[in-house]
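Some notes on the structure that comes next.
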Amino acid sequence: MDQFRADVSRLKIRTGDARRDGVLQVVGIVLMAGGIIADLLVYESSRNLSDPRDIQSQIVLAIGLLGVTGVGGAVFLYASLARFLRFWLLRQVYESQSQVDQVVAAFQPRVHAAASTEPSPHLPPPELEPSSNAAAAG
């Protein structure tokens with residue numbers, strides 16, 4: 001993990017503000033828990049009422065609190081997915097950069113060999129390569 005962090009800092013990739021995601025996760029949890037607790041309290045208080053108008057107003061309040069619980073769940077899900085996807089994208093960039101480095105390293109001897117005047121040990125001399133005409137005739 002330390003190697004990954006060091007390489008990410010070397011790539012100079014902006015990782016975003018992870019503190020904001022943590023705060024949003026806490027806000028989402030508080031909204032969900034608060035909505036559920038308040039809903040239970042409204043239910044308990046509605047059991048002692050006998051006037052239908054009062055009971056209906058308690059139902060409206062309970063539905064509103066369920067909405068608050070849903071918003072809290074959405075905020076929590078957003079923050080959790082943002083944190084996960086940020087890490088996933090960073091890992092993809094890191095792995096992609098690693099693969100590019102490997103490809104460049106694999107072609108490095110060929111580029112230096114082609115630039116030099118002496119023949120490369122990896123490539124056959126030009127006079128020994130079969131020509132397309134000779135291969136077609138034979």
Side-chain angles (χ1 to χ4, degrees):
M1 192 65 167
D2 293 333
Q3 176 68 28
F4 177 71
R5 286 185 181 144
D7 289 342
V8 166
S9 66
R10 181 180 52 86
L11 291 174
K12 297 178 184 173
I13 297 172
R14 185 171 165 247
T15 58
D17 190 11
R19 279 191 345 191
R20 184 183 63 158
D21 293 337
V23 170
L24 285 176
Q25 281 181 323
V26 170
V27 167
I29 289 172
V30 167
L31 285 174
M32 285 188 296
I36 290 172
I37 290 170
D39 242 354
L40 291 174
L41 291 174
V42 167
Y43 169 73
E44 231 5 83
S45 70
S46 71
R47 293 182 66 192
N48 298 329
L49 299 174
S50 59
D51 188 10
R53 292 175 292 180
D54 291 335
I55 294 173
Q56 288 176 351
S57 67
Q58 296 286 343
I59 290 172
V60 169
L61 180 60
I63 291 172
L65 289 170
L66 284 176
V68 169
T69 303
V71 168
V75 168
F76 178 78
L77 186 63
Y78 165 76
S80 298
L81 283 176
R83 179 178 281 184
F84 171 75
L85 290 176
R86 185 176 293 115
F87 174 74
W88 178 77
L89 182 62
L90 187 60
R91 187 184 61 109
Q92 290 292 331
V93 168
Y94 174 74
E95 288 178 358
S96 175
Q97 184 65 38
S98 174
Q99 289 174 354
V100 167
D101 291 343
Q102 287 176 355
V103 168
V104 167
F107 281 108
Q108 206 70 10
R110 291 183 184 172
V111 171
H112 291 302
S116 68
T117 56
E118 60 188 54
S120 171
H122 301 289
L123 299 175
E127 62 271 5
L128 296 179
E129 289 182 11
S131 66
S132 60
N133 293 337

Side chain to side chain contact (heavy atoms under 4.5 Å, CB included) involving [X] - partner list, sequence neighbours excluded:
X     : answer
Ile59 : Ile55, Ile63
Ile36 : Leu40, Thr69
Gln58 : Val42, Ser45, Ser46, Leu49, Leu61
Ile29 : Met32, Phe76

Discussion item. Please find the pair of heavy atoms, one from Leu31 and one from Gly72, that lie closest to each other, and give the distance.
Written reply: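 The pair with the smallest heavy-atom distance is CB-CA, 3.5 Å.
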Worksheet entry | Considering all heavy atoms, the nearest Ala38-Leu65 contact |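 In this case the closest contact between Ala38 and Leu65 is CB-CD1, 3.5 Å.
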Discussion item. With side chain to side chain donor-acceptor pair (under 3.5 Å) as the rule and sequence neighbours excluded, what pairs involving residues 72-82 come up?
Written reply: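 Qualifying pairs, neighbours excluded: Gln25-Ser80.
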Practice prompt. Please name all residues satisfying side-chain hydrogen bond (donor to acceptor under 3.5 Å, both in side chains) with Glu95, sequence neighbours left out, ordered by chain then number.
Written response: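 side-chain hydrogen bond (donor to acceptor under 3.5 Å, both in side chains) check on Glu95 returns Arg91.
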Worksheet item: Can you pull the salt bridge (charged side-chain N to carboxylate O under 4.0 Å, His left out) pairs that have at least one residue in residues 52-76, sequence neighbours excluded?
Response: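 Every salt bridge (charged side-chain N to carboxylate O under 4.0 Å, His left out) pair that includes a residue of residues 52-76, provided the two are not neighbours, is Asp51-Arg53.
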Worksheet entry | From Asp21 atom CG to Leu81 atom CG, the distance as rounded to the nearest 0.5 Å |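 These two atoms lie 10.0 Å from each other.
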